[in-house]
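Accompanying notes for the structure given below.
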Protein chains: 2
Amino acid sequence: MKKMSISSRFAVGVHILTLIEFNKDGVSSSEYLAESVNTNPAVIRKITGMLKKAGLVEVHPGIAGARLARKLSEITLLDVYKAVDVVQENELFSVHGNPNPKCPVGRNIQDAIIPVLSTAQIALEKVLGNVTIEDIVKGIVEKENISS
Amino acid sequence: MKKMSISSRFAVGVHILTLIEFNKDGVSSSEYLAESVNTNPAVIRKITGMLKKAGLVEVHPGIAGARLARKLSEITLLDVYKAVDVVQENELFSVHGNPNPKCPVGRNIQDAIIPVLSTAQIALEKVLGNVTIEDIVKGIVEKENISS
DNA sequence: TTAAATGTAATTATATTGGTTACAAGCACT
DNA sequence: AGTGCTTGTAACCAATATAATTACATTTAA
């Protein structure tokens, strides 16, 4: 059985932003980006639209190319994570909805575990918040240099 | 659009273990547990089977009732999380599979982000590892006392 | 006005979740 | 042994999400 995982929209979002930076002297159209991600331009446009709504990129209808709306060092992976909306606020974990209120465990289990789950989710998000697109770009440059 | 979230199997697993403890002087059959969780006994049996395989509970075919296989304080939420298999090892996040190797970003993006995602996942799991079923039981007892 | 790009909706294939039914196999008790 | 209850599983279903794809309206530059 294959298991749940957080949508690759997130990884694609990071890919898009990173590539825009790499190609900052060129034009990053949805077709161009799609070729690197290896998907359909419409998928790119949908994700780019989310990044735009979050204020991470600038895109304009009719005008080819997306550009970063902030400095590299001011876009964290958490920004991307939230922008592409892979997880609903405070709902990384889902809790069964209708436990039996006649049972002491049933009527309190939600209140007992939700704070823990929330703490775990925050810990995860904190890690993402400490990494920027700049870090990712640097990582890629490094790897390129090593293998050349 | 509704978003992804980690299967409630996890929360149900915690519920089951907690209830077994609450009902330690009684018989925790799948039917009994199902009533508190408010689901089907077969669902309980499936999850209980996973908890059993992970060495967290004792259950025997033909014999009614499940019992904890360890002390309360020695079962962490991380144990449950892993037992019920909601997330594949190191794959809480999914990364798009076929970026273009002709592009510097495409051929390195996976290596660049996977360590970050892994760190984030570990941070999440660490929080779960620091909370035991005993803590959950205490939490419920507290809430019950307050509201009585 | 024309060509090209973005924005967006509709559709599809695939997969997972959670629930449900059904039944084989195991154990206790008479 | 035979009955009754329980666990262990498999098969199936409905609902939902993802990602890809197609199509087209809107917008811009030239």
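Every chain is numbered from 1 and lettered A, B, ... according to where its sequence line falls, protein lines coming before strand lines.
Backbone-only contact: B/Val59 has heavy atoms under 4.0 Å from sugar-phosphate atoms and none from a base. Across all strands, B/His96 comes closer than 4.0 Å to no nucleic acid atom at all (heavy-atom distances). Using a 4.0 Å heavy-atom distance criterion, A/Thr39 is classed as a sugar-phosphate-only contact. B/Lys52 comes within 4.0 angstrom of the backbone, heavy atoms only, and of no base. Looking at heavy-atom distances under 4.0 Å, B/Ala64 makes contact with sugar-phosphate atoms alone, never a base.
Across the interface with DNA chain D, nearest-nucleotide mapping of A/Gly62 and B/Gly65 shows B/Gly65 to be the residue nearer the 5′ end. For the pair A/Ser8 and A/Ile63, both in contact range of DNA chain D, the more 5′-proximal nearest nucleotide belongs to A/Ser8.
Straight-line distance from the CD1 atom of A/Ile6 to the C1' atom of D/dT18: 14 Å, rounded to whole Å. Atom CG of A/Leu51 is separated from atom P of C/dT6 by 14 Å (rounded to the nearest Å). Distance, A/Arg45 CZ to C/dA9 C1': 12 Å, rounded to whole Å. Following rounding to the nearest Å, B/Glu91 (CD) and C/dT16 (C1') show an atom-to-atom distance of 15 Å. In this entry the distance linking CD of A/Glu58 with C1' of C/dT6 reads 15 Å, nearest Å. Between B/Lys53 atom NZ and D/dG8 atom P there is a gap of 11 Å when expressed in whole angstrom units. Counting to the nearest Å, the P atom of C/dG19 and the NZ atom of B/Lys46 are 10 Å from each other. Between B/Asn98 atom CG and D/dA19 atom P there is a gap of 13 Å when expressed in whole angstrom units.
Pairing each heavy atom of B/Ala34 with each of B/Asn40, the nearest pair is CB-C, 4.0 Å.
The pair B/Glu134-B/Lys71 fails the salt-bridge criterion, with no side-chain N (NZ, NE, NH1 or NH2) lying under 4.0 Å from an Asp/Glu carboxylate O.
Between the side chains of B/Thr39 and A/His96, no donor-acceptor pair of N or O atoms lies under 3.5 Å.
Judged purely by atom type and a 3.5 angstrom limit, B/Gln121 uses its side chain to pair as donor or acceptor with the backbone of B/Leu92.
Aromatic ring orientation, B/Tyr81 versus B/Phe10: perpendicular (interplanar angle above 60°, classes split at 30° and 60°).
The side chain of B/Ala42 has C/dT20 as its nearest neighbour among C/dG18, D/dT21, C/dT20.
Residue A/Ser7 places at least one side-chain N or O under 4.0 Å from the OP1 or OP2 atom of D/dA19.
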